[in-house]
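What follows is a short report on a single structure.
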Amino acid sequence: MMPDSTILNFINGHYVEPKSKQWIDNICPATGKVVGKIANSNAEDVAAACLAAESAFESWSETPLEKRAHIMMKIADLIDQQMESLAVAESQDGGKPITRARNIEVPRAATNFRFFASAITQFSSEAHESVGQNAINITLRQPLGTVSCISPWNLPLYLFTWKVAPAIATGNCVVAKPSELTPRTASMLGEICNEAGLPPGVLNIIQGQGTTAGQAILEHPNIKAVSFTGGTATGEHVARVVAPQFKKLSLELGGKNPNIIFADCNYQKMLATTVQTSFANQGQICLCGSRIFVEQPIYEKFKTDLVTRAQSLKIGPPALPDTDLGAVVSQPHFDKVLSYMDIAKQEGTILCGGEPAVVPGHENGFFIKPTVIEVSSNRCRLNQEEIFGPVVTVMPFKSETELLGLANDVGFGLSATLWTRDLDRTMRLSKKIDAGVVWVNSWLMRDLRTPFGGFKNSGVGREGGLESLRFFTEPKNVCIAFENNLKNEP
Ligand code: NAP
């Protein structure tokens, strides 16, 4: 058992100190105080994790699917049983409201394990008979060996398990790294895996900085695939390092998503959901709709209503049940988000927010007021760059053609939200919007069987359902020729 405030690596089923004995401060975003220390791992730690993974691979990859699924179901049950302690850790690490961690994010981690435990028992390979050539092709789907999963801080356990679960379900062994900003729940998952009976070495968790620990993972020659979720600039770097090594690579990157509102929408539902698409998790969700485009006839009313709703959100300590907005994740991120307020003064009009919030008892925490900015051009930096905080812009449009130009005039293409009751318009626009996911009259409804990922600078590849199972396996075609003449045996 490790002390709660010291985050160690989890290698071969054991919690171990980093070889270098170097540590990073773990800072609570709601108070700005150091609350513990995190292993600052390097290439030596990654090498140890890879060795453990390689040793475990032969046995794990031959473990019957039902047994793998059984262990994964147990992991899910244990996550459910430890929901409260995981939610508290998630909320303290990331500054997010505990209600969000408890009701949405940690339950989703359990769902990820259950989903892929079940999916692997249904995953089938293909066979093709080469009729007339007397041959049959059987396509095996084999695990890759040691694979890596690198995840960000915004939805820590949710995204960590979204990668780890399909990787181990398909028979791989994993070297995974959470963000150094939110290390605790990934660390707690190690103990859960031990308790569930996951063999040592199947999941190894390396803690530490991206530029050292993460980089060492990318560079390790025995890692066969990299599943990465994070920012677009980091993704570009990851691609540069990984591509010449010919590793499989999946990149889930940033977004600057349009939230498109037509006058014929269900206004109240749209407004309530738009508060979420704008400010949930302090706007730190890659799928947040940070560019709001509103059809002219309802633009003024919408602006007033959104500002009223934004101003009524309760900013407070993440541990309180009635807190709507907690702290953003770190001092550098706080500074980055606030730096856009100076830009906002030049590029638009701040309708509300635009400054830090002071939370009594948490004066050194990283709290920012929900911010709505009116802009007149989509070409401004506020509309082109991912701010990743509780900040949205609003802008009117007059026609579908104009709207489509605005929505697609951006370097990203992760998701879009569309509010209308017109079915023809829904189909016309959904087909033409550059985004991997289009939510119509909804937001963040996830069916885990569907493909998830982005166009343009939002990534390469898809996760979810069969896409994840295919990513973590290598297809191998076995062509078997046979003799087709009936033997005239006596
Ligand atoms: P980030 O800075 O790119 O970091 C992502 C992960 O990569 C972290 O674990 C980070 O470690 C690690 N890392 C950093 N440099 C690395 C390197 N040289 N080699 C290997 N790993 C490295 O992103 P973030 O700030 O954590 O997350 C926010 C971003 O993620 C936003 O852009 C958001 O849109 C995006 N996101 C995308 C999706 C999606 O599904 N498309 C989902 C969620 C978030 P450290 O944190 O320890 O440095």
Side-chain angles (χ1 to χ4, degrees), residues 7 24-27 29 38-43 46 93-94 105 108 148-163 175-184 186 205-220 223 226-242 245 247 249-257 280-290 328-330 332-334 336-337 385-389 411-415 435-437 444 446 450-464 467-468:
I7 306 294
I24 315 168
D25 283 343
N26 190 5
I27 297 168
I38 308 159
N40 190 5
S41 308
N42 62 22
V46 171
D93 257 7
E105 296 189 19
R108 170 60 191 276
S148 68
C149 302
I150 301 178
S151 55
W153 48 259
N154 66 324
L155 307 172
L157 193 64
Y158 176 126
L159 288 175
F160 191 76
T161 54
W162 179 234
K163 294 174 179 303
V175 176
K177 193 194 98 61
S179 169
E180 90 214 37
L181 298 173
T182 51
R184 273 172 73 192
I205 302 164
I206 291 290
Q207 301 283 357
Q209 291 169 332
T211 45
T212 48
Q215 184 73 21
I217 290 173
L218 303 182
E219 289 173 356
H220 197 286
I223 287 180
V226 176
S227 172
F228 174 88
T229 298
T232 294
T234 320
E236 192 185 326
H237 171 80
V238 170
R240 276 214 194 92
V241 176
V242 168
Q245 302 177 70
K247 295 176 175 178
L249 179 60
S250 167
L251 294 172
E252 299 289 344
L253 307 177
K256 191 75 192 175
N257 312 305
N281 202 35
Q282 298 71 249
Q284 302 167 125
I285 301 179
C286 54
L287 305 161
C288 278
S290 52
V328 300
V329 76
S330 67
H333 194 57
F334 176 79
K336 177 198 149 176
V337 174
E385 298 173 15
E386 189 186 40
I387 301 173
F388 216 54
F412 298 95
L414 189 54
S415 72
V437 184
L444 236 173
R446 292 284 290 120
T450 58
F452 178 88
F455 285 29
K456 305 199 272 195
N457 297 350
S458 292
V460 179
R462 293 291 181 271
E463 293 184 342
E467 305 283 345
S468 294

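Both ligands and their constituent atoms are indexed starting at 1 by order of listing.
Checked by atom type, the side-chain pair Lys163/Ser151 shows no donor-acceptor distance below 3.5 Å.
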| task | Evaluate the criterion side-chain contact (heavy atoms from CB on, under 4.5 Å) for residue pair Trp162 and Leu155; output intermediate values, then yes/no. | result | CA-CA 10 Å; Trp162 179 234; Leu155 307 172; over 6 Å; no
For a side-chain contact (heavy atoms from CB on, under 4.5 Å) check, start with the C-alpha distance between Phe452 and Leu287, then their side-chain angles and the critical distance, and finish with the verdict. CA-CA 11 Å; Phe452 178 88; Leu287 305 161; 3.8 Å; yes
Exercise for the section: Step by step, work out the side-chain contact (heavy atoms from CB on, under 4.5 Å) result for Val226 and Phe228. Expected result: CA-CA 6 Å; Val226 176; Phe228 174 88; 4.2 Å; yes
Could you go step by step and tell me if Leu249 and Val460 meet the side-chain contact (heavy atoms from CB on, under 4.5 Å) rule? CA-CA 8 Å; Leu249 179 60; Val460 179; over 6 Å; no
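Residue contacts with ligand 1 for Leu253 involve N, CA, C or O but no side-chain atom from C-beta outward (heavy atoms, distance under 4.0 Å). The side chain of Glu386, and not its backbone, has at least one atom closer than 4.0 Å to an atom of ligand 1 (non-hydrogen atoms only; side chain from C-beta on). Within the 4.0 Å heavy-atom criterion, the part of Leu159 lying near ligand 1 is the side chain and not the backbone. Contacts of Gln284 with ligand 1, taken as heavy-atom pairs under 4.0 Å, are absent altogether. With a 4.0 Å heavy-atom cut-off, ligand 1 is reached by the backbone of Ser151 but not by any atom from C-beta on. Counting heavy atoms under 4.0 Å from ligand 1, residue Ile150 touches it through the side chain alone.
In this structure, CG on Leu444 lies 6.0 Å from CD1 on Ile285, to the nearest 0.5 angstrom. Separation of atoms CG (Leu159) and SG (Cys149) is listed at 11.5 Å; rounding is to 0.5 Å. Atom NE2 of His333 is separated from atom CD of Gln284 by 4.5 Å, given to the nearest 0.5 angstrom. Interatomic distance, Gln209 CD to Asn42 CG, rounded to the nearest 0.5 Å: 11.0 Å. A distance of 7.5 Å separates OG of Ser290 from CD of Glu386, quoted to the nearest 0.5 Å. The line from CD1 of Ile223 to CD of Gln245 is 9.0 Å long, rounded to the nearest 0.5 Å.
If you check each of Leu155, Leu218, Ile24, Ile38 against atom 19 (N) of ligand 1, the one with the closest non-hydrogen atom is Leu218. Considering only non-hydrogen atoms, atom 5 (C) of ligand 1 lies nearest to Thr229 out of Thr229, Val241, Thr234. When Gly214, Gly231, Gly255 are checked for heavy-atom proximity to atom 20 (C) of ligand 1, Gly214 turns out nearest. The residue among Gly210, Pro332, Cys286 with a heavy atom at the shortest distance from atom 42 (C) of ligand 1 is Cys286. Among Phe228, Trp153, Trp162, the residue whose heavy atom sits closest to atom 26 (O) of ligand 1 is Trp153.
Per-residue contacts place Pro178 under 4.0 angstrom from the following atoms of ligand 1 (heavy atoms of the residue considered): 9 (O). Ligand 1 places these atoms under 4.0 Å from at least one heavy atom of Asn154: 43 (C), 44 (C). Set against the non-hydrogen atoms of Gly208, the atoms of ligand 1 under 4.0 Å away are 47 (O). Close approach of ligand 1 to His237 (heavy-atom distance below 4.0 Å) involves ligand atoms 18 (N). Listed by number with element, the atoms of ligand 1 under 4.0 Å from a non-hydrogen atom of Leu414 are 41 (N).
What sits closest to atom 40 (O) of ligand 1 on the protein, heavy atoms only, is Phe452 CE2, 3.2 Å. The protein non-hydrogen atom at the shortest distance from atom 35 (C) of ligand 1 is Gly230 O, 3.2 Å. At the shortest separation from atom 46 (O) of ligand 1 among protein heavy atoms lies Ser179 OG, 2.8 Å. When hydrogens are left out, the protein atom nearest atom 28 (C) of ligand 1 is Phe388 CE2, 3.6 Å; that is the closest non-hydrogen contact. Looking only at heavy atoms of the protein, atom 45 (P) of ligand 1 is closest to Glu180 OE1, 3.3 Å. Among all non-hydrogen protein atoms, the one lying nearest atom 18 (N) of ligand 1 is Gln215 OE1, 3.2 Å. In this structure, the protein non-hydrogen atom closest to atom 27 (O) of ligand 1 is Pro152 CB, 3.3 Å. Closest to atom 11 (O) of ligand 1, if we only count protein heavy atoms, is Lys177 NZ, 3.0 Å.
In plain terms, the two heavy atoms of Val46 and Ala216 that are nearest each other are CG2-CB, 3.7 Å. Counting all heavy atoms, side chain and backbone alike, Glu180 lies closest to Gly208 at CB-O, 3.5 Å. What you find for Pro152 and Thr229 is that their closest heavy atoms are CD-O, 3.3 Å. Ser227 and Glu463 get closest at one heavy-atom pair: OG-OE2, 3.2 Å.
Assignment of Leu181 to the shell around ligand 1 is not supported, since no heavy atom sits closer than 4.0 Å. Heavy-atom distances between Gly453 and ligand 1 stay at or above 4.0 Å for every pair. Under a 4.0 angstrom heavy-atom cut-off, Ala213 registers as lying outside contact with ligand 1.
Judged purely by atom type and a 3.5 angstrom limit, Ser458 uses its side chain to pair as donor or acceptor with the backbone of Gly413.
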